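Please read the structure below before turning to the comments.
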Amino acid sequence: MNFATFDLNLLRVLDALFREGTTVKAGERLSMSQSAVSGALSRLRHGLGDPLFVRQGNRMIATDYAVSLQEPVREELERLESILTPHAAFDPGSSKGTFRIAASDFFAELLMPPLGDLLHRKAPGLRAQLVDLVPHDYVASLERRNADISLIPDLKLPDWINRAPLFHSPFHVIARAANPNIRGLVSGDIMPMELFCKLHHVLFSPEGNLAAMGDAALEKVGRKRQVAMTVPVFSGVCRAVSESDLIALVPAQLATKVAASFNLRVFEPPMQIDPALIVGIWHKRSDTTPMSIWMRDQVFDLMKGLNA
């Protein structure tokens with residue numbers, strides 16, 4: 001490849017193809033026609049001496065060489081964008097853009113409604129997207145989900161990640177109000193240990209694990225609970241409890257938020273469970289990106305209000 005004659009604009013097309021997977025969607029992302037994207041891909045193939053993408057059915061599969069370019073090209077484009085963006089020019093009231101948040105559906109209940117109201121009032125041109133975390137590897141959500149931030153339980157992080165502590169989340173027990181096993185108990189009571197261990201539980205687990213923090217806390221006092229099912233979303237946990245005699249341990253803030261709408265009763269667990277620290281994480285490459293700075297500030301301020 002002759003770098004002196006290579007059109008660097010083609011790298012934006014290559015990045016869009018990686019992100020979208022088709023020439024049609026890449027064109028929509030770049031406001032280009034499909035034929036223009038196809039022409040750019042042809043020039044890329046000629047300039048780089050590699051087919052870059054091969055067709056498999058209706059899908060475009062990146063070659064091994066293309067895969068090796070994906071992250072370096074994306075990082076360099078983002079670095080150039082950060083360098084060339086005038087920081088003082090950002091105005092949330094007139095700016096347009098998309099901010100992606102990787103998190104569990106807990107935040108669909110507790111973050112997205114107030115964030116939607118805030119953006120409507122202060123930044124009508126900005127768009128927020130809540131996307132799933134990558135199972136088993138929450139940090140990878142920043143890359144694989146193309147997320148600007150991830151909201152996760154605190155954990156050890158690589159050095160290319162920045163972190164902000166947001167709030168502590170204790171756990172409460174939820175049961176449907178009509179559950180005959182809780183007769184005589186009043187919301188806010190500590191659920192008796194014998195009853196807690198006797199009843200069958202719904203466990204929130206995107207990965208399908210059969211144990212979580214509650215089980216570790218029970219083990220410390222020599223007890224076990226009965227997990228009847230796992231569900232990958234908190235809304236499914238609450239729905240299952242509301243329509244059965246199952247119970248569940250869920251974050252206290254969520255229990256308080258949905259108790260009335262799901263007709264649930266809320267209790268303290270019978271054992272000590274250390275509250276989970278929820279943190280916001282982001283790639284250091286976005287430290288000085290004006291829109292990212294502003295959006296992080298708004299999200300983090302909203303989340304800090306949940307501290308129990």
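Values in this document were obtained by computation on a predicted structure and should not be read as measured data. Here, residue 1 is the first one in the sequence, and each next residue gets the next number.
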Practice item. Please lay out, stage by stage, how V258 and V250 fare under the test side chain to side chain contact (heavy atoms under 4.5 Å, CB included). Key: CA-CA 11 Å; V258 305; V250 297; over 6 Å; no
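- Applying the ring pair (Phe, Tyr, Trp, His ring centres under 6.0 Å) rule to F99 yields no partners; only residues at least two apart in sequence or on another chain are considered.
- Grouping the Ile, Leu, Val, Met, Phe, Trp and Tyr side chains by contacts below 4.5 angstrom, directly or via other members, places L69 with L77.
- The same ILVMFWY cluster, assembled from side-chain heavy atoms under 4.5 Å apart, contains both V233 and L110.
- Between C238 and L254 the shortest side-chain heavy-atom distance falls below 4.5 Å.
- For the pair D105 (side chain) and F234 (backbone), a donor-acceptor distance under 3.5 Å is present.
- Contact annotation: the side chain of L126 approaches that of W294 to within less than 4.5 Å [non-hydrogen atoms, C-beta and beyond].
- We find the CG-OG1 distance between L210 and T230 to be 6.5 Å, quoted to the nearest 0.5 Å.
- Here the side chains of D274 and H168 are not in contact, with every heavy-atom distance at 4.5 Å or above.
- Distance check: M191 CE to C197 SG gives 10.5 Å after rounding to the nearest 0.5 Å.
- In this structure, Q272 contributes its side chain and A217 its backbone to no donor-acceptor pair below 3.5 Å.
- Residue I190 comes nearest to P270 through the heavy atom pair CG2-CA, 3.7 Å, listed as atom of the first residue, atom of the second, then distance.
- Linking ILVMFWY side-chain heavy atoms closer than 4.5 Å, directly or via other members, places Y65 and L44 in a single hydrophobic cluster.
- Proximity of a side-chain donor or acceptor of S286 to a complementary backbone N or O of T289 within less than 3.5 Å is not detected.
- In this structure, Q129 CD and T98 OG1 are separated by 5.5 Å, a value rounded to the nearest 0.5 Å.
- Heavy-atom neighbours of R163 CZ from other residues, nucleotides or ligands within 6.0 Å: above the threshold of 12.
- With values rounded to the nearest 0.5 angstrom, L157 atom CG is found 5.0 Å from L155 atom CG.
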- prompt: How far apart are the C-alpha atoms of M229 and V202, what are their side-chain angles, what is the distance that settles it, and do they pass the side chain to side chain contact (heavy atoms under 4.5 Å, CB included) test?
  reply: CA-CA 5 Å; M229 67 171 66; V202 186; 3.8 Å; yes
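- You'll find the side chain of M271 reaches within 4.5 Å of the side chain of F196, heavy atoms only.
- What you find for F167 and N307 is that their closest heavy atoms are CA-OD1, 3.1 Å.
- The environment of R183 atom CZ is sparse: at most 12 non-hydrogen atoms of other residues, nucleotides or ligands sit within 6.0 angstrom.
- Surrounding NZ of K284 are more than 12 heavy atoms belonging to other residues, nucleotides or ligands, all under 6.0 Å away.
- Between the side chain of K25 and the backbone N or O of R19, no donor-acceptor pair lies under 3.5 Å.
- The backbone N or O of S244 sits less than 3.5 Å from a side-chain atom of R176, completing a donor-acceptor pair.
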Take N9 and V13, measure what side chain to side chain contact (heavy atoms under 4.5 Å, CB included) needs, and give me the verdict at the end. CA-CA 7 Å; N9 283 315; V13 177; over 6 Å; no
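- Using a 4.5 Å heavy-atom cutoff, the side chains of M60 and L41 are in contact.
- Between the CD1 atom of I149 and the CZ atom of F300 there is a distance of 4.5 Å, given to the nearest 0.5 Å.
- A 4.5 Å side-chain heavy-atom check between L249 and M213 finds every atom pair outside the cut-off.
- Side chain of D215 to main chain of A212: a donor-acceptor pair is present (N/O by atom type, distance under 3.5 Å, no hydrogens or angles).
- Counting non-hydrogen atoms of other residues, nucleotides and ligands closer than 6.0 Å to CZ of R144 gives a total of 12 or fewer.
- With hydrogens and angles disregarded, no donor-acceptor distance shorter than 3.5 Å links the side chain of R100 to the backbone of V131.
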**Request:** Check the pair R285 / E78 against salt bridge (Lys or Arg N to Asp or Glu O under 4.0 Å), numbers first and verdict last.
**Result:** CA-CA 8 Å; R285 67 186 174 215; E78 289 175 346; 2.7 Å; yes
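- With a 4.5 Å cut-off on side-chain heavy atoms, L115 and M112 count as touching.
- A distance-only check finds no donor-acceptor pair linking the side chain of S150 to the backbone of I152 [under 3.5 Å].
- Going from atom CD of Q253 over to atom CZ of F106 covers 5.0 Å, rounded to the nearest 0.5 Å.
- Panel note: side chain D137, backbone V134; no donor-acceptor pair is recorded below 3.5 Å.
- Distance alone, capped at 3.5 Å, places no donor-acceptor pair between the N209 side chain and the A211 backbone.
- Within 6.0 Å of the CD atom in E219, the count of heavy atoms belonging to other residues, nucleotides or ligands does not exceed 12.
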_L133/R145 under side chain to side chain contact (heavy atoms under 4.5 Å, CB included): CA gap, chis, key distance, verdict_ = CA-CA 8 Å; L133 292 163; R145 297 286 192 256; over 6 Å; no
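- Looking at heavy atoms from C-beta onward, L111 lies in side-chain contact with L151 at the 4.5 angstrom threshold.
- No path of Ile, Leu, Val, Met, Phe, Trp and Tyr side chains, each step under 4.5 Å between heavy atoms, connects V231 with L203, placing them in separate hydrophobic clusters.
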